[in-house]
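Read through the structure below, which is laid out as structure tokens, and then see the notes.
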Amino acid sequence: MRWRRLAAAVLLLVAGGALGGSAGRTHADIRPPVRPRRPARPVRAAAPRVTPSPTPPRPHGMVFHGARGSRMVALTFDADMTPGMWRSLDAKRVRSSYDHRIIKTLDATHTPATIFATGMWIKRYPDVTRTLAADPLLEFGDHSYQHSAFSTPCYGLPVLAPRKRTADVRHAASILDRYVPGHTAYFRFPGGCHDKAAVRAVLAAGVTPVQWDVISGDAFGHDPHAITRTVLREAKGGSIVVMHLNGPPNAPETHAALPGVIRGLRARGLRLVTVSKLLADSS
């Protein structure tokens, strides 16, 4: 009898020891042993894809207009500045050499245009230049540093020495680089005056000289209706029209003539574009 009690006590101790470690635990509490993780292999970053920059077109010579079979016309605005104009501004003889009404009309009518700016004009109006450069309707080209003549005679403009011509184009381009990143590689001669040597000097700077085939007559013109009539009479598919951004006294009625120019050209089924667009579709 004593032996049976002793055996039962031993069995209870064994059972209690087996159950005591798992008392109150659920299935969720019982987890498999954690195996040490292998260190992750370093992931090699993919090399960035480099898109080659497009090769800029090589200048071939003077440009006067685009393809005649085109229905496009480019309006261009020269932003002139000479040392004499700068002095007139400083002396308050001239209020401004920037007519904001022209840009207001271009924006209101969703009209693209090309501005040829001198380096001195940009330095006089740096904030305006930055604002215009951000306008998706507008593009910029080079118009020399201080609007000196590249050949003579040229409306009384001071003459640039032949040995300085290429450097002058590059100087103006460096100012454009600062304020108008990504500007066009186009150049316009001050006064439109040029000869073969002047063209070679511009081409040596790596840019294409762009002239025009329609003179609007806005320079010192005081009749906006006459300016409008001239452009509508002369413009045709592929035309490049020259106007000015300066306002009075050099171009006092450009802003007044511009709405009629835009309406009239579009009424003839012509599309207004930048010079870049015009020439890209002519190549």
Quick check on the hydrophobic clustering: are Leu232 and Val273 connected, directly or via other members, by side-chain heavy-atom contacts under 4.5 Å? no
Transitive ILVMFWY side-chain link Leu272 to Ile240, under 4.5 Å: no
Student check: side-chain heavy atoms of Ile215 and Thr230 closer than 4.5 Å: no
Compare all side-chain heavy atoms of Arg68 with those of Ser239 and state whether any distance is below 4.5 angstrom. yes
Please find the pair of heavy atoms, one from Asp78 and one from Asp80, that lie closest to each other, and give the distance. CB-OD1, 3.5 Å
Enter the distance from Ser151:OG to His194:NE2 here, rounded to the nearest 0.5 Å. 7.5 Å
Verdict with reasoning, Asp177 to His183, per side-chain contact (heavy atoms from CB on, under 4.5 Å): CA-CA 7 Å; Asp177 289 340; His183 61 85; 2.7 Å; yes
Any chance the side chains of Glu139 and Thr184 put a donor and an acceptor closer than 3.5 Å? no
State the CD1-CZ distance between Ile122 and Phe140, to the nearest 0.5 angstrom. 6.5 Å
Within a strict 4.5 Å, meaning less than it, do heavy atoms of the Lys236 and Leu270 side chains meet? no
Side-chain contact test, heavy atoms from C-beta onward, threshold under 4.5 Å: evaluate it for Thr166 versus His171 and give yes or no. no
Would you say that Met120 contacts Pro83 through its side chain, given a criterion of any heavy-atom pair below 4.5 Å between the two side chains? yes
Hey, are Arg165 and Asp168 close enough for a salt bridge, meaning a charged N less than 4.0 Å from a carboxylate O? no
Atom pair OG (Ser96) and CG (Asn246), whose distance is rounded to the nearest 0.5 Å: 8.5 Å
Can a side-chain donor-acceptor contact be found between Thr82 and Gln146 if the only test is distance below 3.5 angstrom? no
Trp212 vs Arg188 side-chain heavy atoms within contact, under 4.5 Å: yes
Quick check: closest heavy atoms across Ala256 and Pro224, and the distance to 0.1 Å? CB-CB, 3.7 Å
4.5 Å side-chain heavy-atom contact, Met81 and Ser97: yes
same_hphob_cluster(Ile175, Tyr186) at 4.5 Å side-chain heavy-atom cutoff: no
Would Phe150 and Phe187 count as a close aromatic pair, with their ring centres under 6.0 Å? yes
Are Leu138 and Leu278 in one and the same hydrophobic cluster, where Ile, Leu, Val, Met, Phe, Trp and Tyr link if side-chain heavy atoms are under 4.5 Å apart? no
With sequence neighbours excluded, tell me which residues meet salt bridge (charged side-chain N to carboxylate O under 4.0 Å, His left out) with Arg263. none
Does any part of the side chain of Arg266, heavy atoms only, come nearer than 4.5 Å to the side chain of Thr111, both counted from C-beta? yes
More than 12 heavy atoms of other groups within 6.0 Å of Phe64 CZ: yes
The single option from Asp99, Ile103, Thr254 that satisfies side-chain contact (heavy atoms from CB on, under 4.5 Å) with Leu245 is Ile103
